[in-house]
Amino acid sequence: MASPLEHPKVRRRLRRIVRWAAIVLAVVLAVSVAAELDWSELRQRLAGARGLPVAAATLFLIARFLIWTWRWHLGVRAAGVDAPFAPLFPMILGAAAVNHLTPAAKLLGGLLRARYLGQRADLSTARAYGTVLFDQLAHQGAVISLTTLAVIGTVYGTGRPKLAFGLALLALLMALGLGLAAPRLGDRLADWTSRRQDRWRRWIDKGRETVTTVRALADQRRLVVAALLLGLLYAATNAAAQWLFFVAVGPAPSYFTAFAAVALGTAAGALLGTPGGVGTTEAAIIGTYVALGVDANDAAAAALLYRGLHYLVVFCLGGASLAWLERRLA
């Protein structure tokens with residue numbers, strides 16, 4: 001007998017309930033953090049932000065997308081696609097802008113990247129999407145790894161070394177399990193696609209081409225290691241931008257404190273599903289800083305500067321990139 005959870009309408013309703021619950025939780029989290037702040041002092045600190053550190057931090061925010069483009073370019077070249085680095089940069093920026101519009105837009109951003117790459121390099125969208133999917137999987141792998149380290153470091157920094165050691169041991173065991181299962185993931189994905197051949201007959205050929213591309217890239221060990229290292233460099237650049245915004249508004253904590261706060265804030269924004277992580281990311285960053293002993297108003301000023309310039313970079317450069325790409329495609 002089929003489970004009620006297998007019914008499409010039931011699953012759609014459950015997804016809708018989970019999405020709205022996440023948004024409500026994000027609002028509650030943001031309001032609780034906002035209630036603890038001295039807004040008059042916060043305005044003064046933002047108004048007195050020094051220009052040179054802000055400019056340097058903004059350059060780091062842009063540099064993140066160059067690193068992201070570098071990682072995708074490695075995957076594209078490894079797939080045998082002749083695509084230079086420069087045209088991929090606006091594709092990354094455009095996809096990032098789209099991914100910040102709605103909670104469900106991350107799939108759309110990836111498909112847009114595949115569409116633009118397919119048009120630029122004269123290859124099928126399915127094969128192009130295989131390179132995008134590999135890049136996204138590498139990004140998620142780096143994010144999960146860094147978030148785990150950030151959680152362990154934050155727990156240790158709040159005076160709970162035994163709990164931090166237990167979390168580290170659990171993370172190590174999970175990593176070993178994933179390492180043992182990794183060689184079979186491609187086969188499972190292919191089997192999953194084949195079982196849905198009758199249901200998705202219109203898309204199955206394209207789906208197989210995408211899976212084949214991802215499996216071919218995942219089998220290249222050096223490429224996987226390089227992609228994960230570039231994910232670490234991306235995160236380090238992101239944290240450097242946040243630390244420089246701290247320098248702009250007042251006394252800055254250690255770089256590793258900023259690294260942990262950004263990693264946890266990014267994870268919170270992704271998990272709770274608000275557009276671009278708005279509200280949830282800021283609240284999680286500020287909350288992490290406060291838990292690690294940073295003054296709440298200092299943390300809020302630096303976090304709001306960081307997130308405000310982040311949105312400005314994404315929408316200004318990403319919007320211009322989308323307009324340019326669509327004009328070329330037309």
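For the atom pair CG (L322) and CZ (R327), the distance works out to 15.0 Å, reported to the nearest 0.5 Å. Atom CZ of R222 is separated from atom CG of L74 by 13.0 Å, given to the nearest 0.5 angstrom. Here CG of D82 is found 11.0 Å from CG of L123. Values are rounded to the nearest 0.5 Å. Separating the CG atom in L217 from the CG atom in L137 is a distance of 10.5 Å, to the nearest 0.5 Å. Atoms CD1 and CG, on I92 and L112 in that order, are 12.0 Å from each other to the nearest 0.5 Å. Considering CD1 of I67 and CG of L232, their distance stands at 10.0 Å, rounded to 0.5 Å.
Residues V81 and R127 are in side-chain contact: their nearest non-hydrogen atoms beyond the backbone lie under 4.5 Å apart. Considering only heavy atoms from C-beta on, T213 stays 4.5 Å or farther from Y129 through its side chain. Looking at V224 and Q220, their side chains never come closer than 4.5 Å, going by heavy atoms from C-beta outward. Inter-residue side-chain proximity for V294 and F246 is flagged as met; some heavy-atom pair is nearer than 4.5 Å. When side chains are defined from C-beta on, D135 counts as touching R113, because their heavy atoms get closer than 4.5 Å. Considering only heavy atoms from C-beta on, Y234 stays 4.5 Å or farther from L66 through its side chain. Side chains of V313 and F65 form a contact here, defined as non-hydrogen atoms less than 4.5 Å apart.
Taking a 6.0 Å sphere around OH of Y255, one finds it holds more than 12 heavy atoms contributed by other residues, nucleotides or ligands. Residue W68 places its CH2 atom among more than 12 non-hydrogen atoms of other residues, nucleotides or ligands, all under 6.0 Å distant.
Hydrophobic clustering of Ile, Leu, Val, Met, Phe, Trp and Tyr side chains at less than 4.5 Å, counting indirect connections, keeps W70 apart from L229. Residues W324 and L117 fall within the same hydrophobic cluster, defined by Ile, Leu, Val, Met, Phe, Trp and Tyr side chains chained together at heavy-atom separations under 4.5 Å. I144 and F134 are not part of a single hydrophobic cluster, where members link through side-chain heavy atoms under 4.5 Å apart.
Considering all non-hydrogen atoms of both residues, R71 and A138 come closest at CD-CB, 4.3 Å. A pairwise comparison of heavy atoms in A261 and T288 identifies CA-CG2, 3.7 Å as the closest pair. Annotation for S321 and P90: closest pair CB-O, 3.3 Å, computed over non-hydrogen atoms. Summarising the geometry of T131 relative to A79, their closest heavy-atom pair is CG2-CB, 3.8 Å, with the distance given to 0.1 Å. Nearest heavy atoms, W243 versus P253: NE1-O, 2.9 Å. Taking all atoms of both residues into account, the shortest heavy-atom contact from T125 to A114 is O-CB, 3.8 Å.
Pairs of residues two or more places apart, or lying in two chains, that qualify as side-chain hydrogen bond (donor to acceptor under 3.5 Å, both in side chains) and include a residue from residues 244-254 are S254-T257.
In this structure A303 satisfies the side chain to side chain contact (heavy atoms under 4.5 Å, CB included) test together with Q242, I285, I286, sequence neighbours excluded. Residues satisfying the side chain to side chain contact (heavy atoms under 4.5 Å, CB included) test with R77, not counting sequence neighbours, are H73. Y116 is linked by a ring pair (Phe, Tyr, Trp, His ring centres under 6.0 Å) to nothing, counting only residues two or more places apart in sequence or in another chain. Take R115 and apply the salt bridge (Lys or Arg N to Asp or Glu O under 4.0 Å) test, not counting sequence neighbours, and it matches E326.
Panel note: side chain R307, backbone L304; no donor-acceptor pair is recorded below 3.5 Å.
Side chains of N238 and Y306: a donor-acceptor N/O pair is present below 3.5 angstrom, by distance only.
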Expected list for residues 49-60: side-chain donor-acceptor pairs under 3.5 angstrom, two or more places apart:
from, atom 1, to, atom 2, distance (Å)
R50, NH2, V247, O, 2.6
T58, OG1, V54, O, 2.8

